[in-house]
Amino acid sequence: MTVESEVATLTLAVDNLTSTVNVSKTNLDVSVANALASAGTASDHKTGALEAKTAAETARDLAYAHSQSAAAAGDYQSMKAVDEDIAGTAVDVFVYDTSKDSDGGQWRKRCQHTSWYNETLNTSTRGATKEFPAVAVLVAEADKVTIYDGDDPAMPMWMVFNQGIWHHVHTSGHSLTSVSMLNGKLCWAGFRLGRIDFIKDAADALEVTWYNTFTNPISGRNTQGINAVDIYFDLVNSTVHDIAMTVLPSAPIDPATGLP
């Protein structure tokens with residue numbers, strides 16, 4: 001092969017290689033352009049996803065706000081019914097949600113043996129249902145404590161404690177000041193601190209120097225029955241103005257109720 005032939009062959013090979021490189025570069029350019037376009041699309045999708053996330057969070061917040069408003073409206077309607085019933089004479093109102101008790105309110109299912117569960121229904125001091133309400137509204141007036149059934153939208157009376165001489169609510173002529181309830185124990189305040197235990201079906205009251213045990217079960221709450229013992233309690237004064245109830249982490253378990 002002559003030098004001229006070899007040069008011609010080499011020139012052709014270089015031309016072919018250049019053509020191939022140019023084609024590959026063109027393909028690469030197209031691939032880069034496609035990649036950049038895909039990246040832009042991905043960015044758009046990311047932006048859209050973030051906008052959707054923000055919209056979802058806004059909708060969630062609005063839904064929560066609406067639910068709170070609805071709950072508040074329900075509470076308002078319920079409390080309005082109570083207010084109409086007691087004609088604005090309440091000295092204290094306490095909403096008792098038994099689901100917040102230590103056992104989630106299961107104590108309500110273990111009271112079929114008690115006197116109050118089996119007492120006559122539909123009277124002036126007892127409503128139409130036996131079981132303690134899951135949600136109860138306790139209203140203290142000057143001379144009585146009324147439990148309303150919060151499970152019923154109409155908020156009917158469930159039980160009444162009339163103040164009287166050595167009744168379960170007895171403040172020796174003084175007005176009631178406060179009422180509260182936790183773990184099945186209703187506490188009232190005025191002159192003395194009273195405790196009414198629905199699980200034990202029993203009641204007592206504390207003074208600075210006297211411990212009063214009521215001899216009647218809860219079904220006899222509005223009749224006289226007392227056993228007073230001279231015991232000193234660490235109260236600042238026998239007149240009690242307010243009540244707050246809590247369960248401490250170290251609270252012992254009451255063997256009679258199974259609750260702290």
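Here the side chains of Ile196 and Ile218 are in contact, with some heavy-atom distance below 4.5 Å. No side-chain heavy atom of Val137 sits less than 4.5 Å from a side-chain heavy atom of Phe94. Residues Ile226 and Thr215 have side chains not in contact (no heavy-atom distance under 4.5 Å, counting atoms from C-beta outward). Side-chain atoms of Trp158 and Asp152, non-hydrogen and from C-beta on, never get closer than 4.5 Å to each other. Two residues are said to be in side-chain contact when any heavy atoms from C-beta on lie closer than 4.5 Å; Arg192 and Ser172 meet this criterion. Side-chain contact check for Thr129 versus Leu121: every heavy-atom pair is 4.5 Å or farther apart. Asp254 places a side-chain heavy atom less than 4.5 Å from the side chain of Lys200.
Judged purely by atom type and a 3.5 angstrom limit, His170 uses its side chain to pair as donor or acceptor with the backbone of Gly164. Between the Ser180 side chain and the Cys187 main chain, no donor and acceptor come within less than 3.5 Å of each other. At least one donor-acceptor pair closer than 3.5 Å links the side chain of Thr177 to the backbone N or O of Ala189. With hydrogens and angles ignored, the 3.5 Å screen pairs a side-chain donor or acceptor of Asp103 with a backbone N or O of Trp107. Although no hydrogens or angles enter the test, the distance criterion places no donor-acceptor pair under 3.5 Å between the side chain of Trp188 and the main chain of Leu176. Remark: side-chain polar atoms of Asp151 are paired, donor with acceptor, to backbone N or O of Val135 under 3.5 angstrom. Judged by distance alone, with hydrogens and angles left aside, the side-chain atoms of Asn222 form no donor-acceptor pair with the main-chain N or O of His167 at under 3.5 Å.
In this structure, the separation between CG on Asp204 and CG on Asp197 is 8.5 Å, given to the nearest 0.5 Å. Here the CG atom belonging to Asp143 is positioned 6.5 Å from the CD atom belonging to Gln163, to the nearest 0.5 angstrom. The CD atom of Gln224 sits 9.0 Å away from the CH2 atom of Trp166 when rounded to the nearest 0.5 Å. Here the OG1 atom belonging to Thr239 is positioned 11.5 Å from the CG atom belonging to Leu193, to the nearest 0.5 angstrom. Rounding to the nearest 0.5 angstrom, the gap separating the CE atom in Met159 from the CZ atom in Arg126 is 4.0 Å. Taken from CE in Met181 to CZ in Arg195, the straight-line distance is 14.0 Å, to the nearest 0.5 Å.
Relative to the ring axis of Phe132, Arg108 does not place its NZ or CZ within 45° and under 6.0 Å from the centre.
Shortest non-hydrogen contact noted between Pro260 and Ala251 is CB-CB, 3.9 Å. Of all heavy-atom pairs between Gly190 and Thr171, the closest is CA-CG2, 4.3 Å. Ser124 approaches Met157 most closely through the heavy-atom pair O-CE, 3.6 Å. Among all heavy-atom pairs drawn from Ser178 and Asp242, the shortest one is OG-OD1, 3.0 Å.
Using a 4.0 Å cut-off between a side-chain N of Lys or Arg and a carboxylate O of Asp or Glu, Glu119 and Lys130 do not qualify as a salt bridge.
No option in Val160, Leu186, Val139 other than Leu186 meets the side chain to side chain contact (heavy atoms under 4.5 Å, CB included) test with Ile147.
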**Request:** For Asp201 and Ser115, run side-chain hydrogen bond (donor to acceptor under 3.5 Å, both in side chains): C-alpha distance rounded to whole Å, both residues' side-chain angles, the deciding distance at 0.1 Å, then the answer.
**Result:** CA-CA 7 Å; Asp201 198 9; Ser115 67; 2.8 Å; yes
**Prompt:** Does the side chain to side chain contact (heavy atoms under 4.5 Å, CB included) test come out yes or no for Thr257 and Arg110, once each step is laid out?
**Reply:** CA-CA 10 Å; Thr257 67; Arg110 298 187 283 110; 5.5 Å; no
**Item:** Val91/Glu141 under side chain to side chain contact (heavy atoms under 4.5 Å, CB included): CA gap, chis, key distance, verdict
**Value:** CA-CA 5 Å; Val91 297; Glu141 297 175 70; 5.6 Å; no
**Message:** Run Asp101 and Tyr96 through side-chain hydrogen bond (donor to acceptor under 3.5 Å, both in side chains) and show every step you take.
**Reply:** CA-CA 9 Å; Asp101 284 339; Tyr96 174 39; 2.5 Å; yes
**Request:** For side chain to side chain contact (heavy atoms under 4.5 Å, CB included), just list the numbers for Ile199 and Leu259, CA-CA rounded to whole Å, side-chain angles, deciding distance to a tenth of an Å, and then say yes or no.
**Result:** CA-CA 10 Å; Ile199 306 173; Leu259 293 174; 3.6 Å; yes
**Message:** For a side-chain hydrogen bond (donor to acceptor under 3.5 Å, both in side chains) check, start with the C-alpha distance between Asn227 and Thr213, then their side-chain angles and the critical distance, and finish with the verdict.
**Reply:** CA-CA 5 Å; Asn227 179 29; Thr213 303; 5.2 Å; no
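Hydrophobic clustering places Val93 together with Tyr148 (ILVMFWY residues linked when any side-chain heavy atoms are closer than 4.5 Å, directly or through intermediates). Connection of Tyr211 to Val208 is established within a shared hydrophobic cluster, with ILVMFWY side chains joined at heavy-atom distances below 4.5 Å, either directly or through further cluster members. Cluster membership for Leu182 and Leu206, using ILVMFWY side-chain heavy atoms within less than 4.5 angstrom, is shared.
Applying the 6.0 Å contact sphere to NZ of Lys144 captures no more than 12 heavy atoms from other residues, nucleotides or ligands. Ile165 CD1: 12 or fewer foreign heavy atoms inside a 6.0 Å radius.
Ring planes of His168 and Phe214: tilted class, angle from 30 to 60°. Aromatic ring pairs are classed by plane angle as parallel below 30°, tilted from 30° to 60° and perpendicular above 60°; the pair Trp116 and Phe198 is perpendicular.
Defined by atom type and a distance below 3.5 Å, a donor-acceptor pair is present between the side-chain atoms of Ser102 and Asn183.
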